[in-house]
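Throughout, protein chains are lettered first and strands after them, A, B, ... in sequence-line order, and every chain is numbered starting at 1.
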Amino acid sequence: EAQVTQNPRYLITVTGKKLTVTCSQNMNHEYMSWYRQDPGLGLRQIYYSMNVEVTDKGDVPEGYKVSRKEKRNFPLILESPSPNQTSLYFCASSSRTGAGNSPLHFGNGTRLTVT
Amino acid sequence: LAKTTQPISMDSYEGQEVNITCSHNNIATNDYITWYQQFPSQGPRFIIQGYKTKVTNEVASLFIPADRKSSTLSLPRVSLSDTAVYYCLVGAGNTGGFKTIFGAGTRLFVKA
């Protein structure tokens, strides 16, 4: 089954303790992206990757890192989490077909709480 | 980058047609318009995508006027299960990779 898998689904941590949220897709997609969702603010892009070893900042990259060493994986790293990073996080991927119609496929989300 | 504006919320009754309009005044020539549906605690799900005029699939229709500065998602005969948040996204779909900007979405509530 084609899917984007995020882990963990729920995470509670303390300020300053480094954490990684994993994201994996099995659709051979070039493009992957991370978003955070907060009440009333919709989805905001954190980082995206056009392909292996190619990453770029979205609208809200501060406090986050990403890496794209393999095509299928795109982990989100919080080196020193703070309470304002408490949010619902989504990973997404899409293909580069060159013919239009490259919808994003989203994972089921990771709910992060930083105390 | 084209920002989008949608109504914050809409109410409807089962069996009615619902039209949700999205404004995107700064849409670029290469930009496609894509709509997503999101249920609580789930990731957004692709509904429909278009470039111009009208697109129809098994769940919705998308109407795009000639100037492409807005688009309307049409959901025929909604049911209670269509209660969700609907997002309009504008961007270059043919590259599959770029900076994506979602609006705040439209919360649709379908009543019995």
Return the CD1 to CZ distance between I33(B) and R68(B), rounded to the nearest 0.5 Å.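 Those atoms lie 5.5 Å apart.
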R107(B) NZ/CZ over Y86(B) ring centroid, <6.0 Å and within 45° of normal: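 No - R107(B) does not lie over the ring of Y86(B) by the 6.0 Å and 45° rule.
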Mind jotting down which residue pairs meet the salt bridge (charged side-chain N to carboxylate O under 4.0 Å, His left out) criterion with at least one end in residues 37-55 of chain A? Sequence neighbours excluded, please.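 Qualifying pairs, neighbours excluded: R36(A)-D38(A), D38(A)-R44(A).
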Please flag which part of Q6(A) lies under 4.5 Å from any non-hydrogen atom of chain B: side chain, backbone, both or neither.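 No part of Q6(A) comes within 4.5 Å of chain B.
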With a strict 4.5 Å heavy-atom criterion, list every residue of residues 107-115 of chain A that contacts chain B, or say none.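 Contacts with chain B: G107(A), N108(A), R111(A).
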In terms of ring plane angle, is the pair Y31(A) and Y48(A) parallel, tilted or perpendicular, where the classes change at 30° and 60°?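 Rings of Y31(A) and Y48(A): tilted, 30 to 60°.
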Tell me, please, which residues at least two apart from F63(B) pass ring-ring contact (aromatic ring centres under 6.0 Å, His included).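 ring-ring contact (aromatic ring centres under 6.0 Å, His included) check on F63(B) returns nothing, list empty.
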Sequence-distant partners of F106(A), ring-ring contact (aromatic ring centres under 6.0 Å, His included), two or more places apart: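 F106(A) satisfies ring-ring contact (aromatic ring centres under 6.0 Å, His included) with Y35(A), Y36(B) only.
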Residues, nucleotides or ligands: over 12 heavy atoms within 6.0 Å of I77(A) CD1: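 Buried by this count: over 12 neighbours within 6.0 Å.
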Could you tell me which of G105(B), P44(B), A104(B), S41(B) has the largest number of non-hydrogen atom pairs under 4.5 Å with chain A?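 Heavy-atom pairs under 4.5 Å are most numerous for P44(B).
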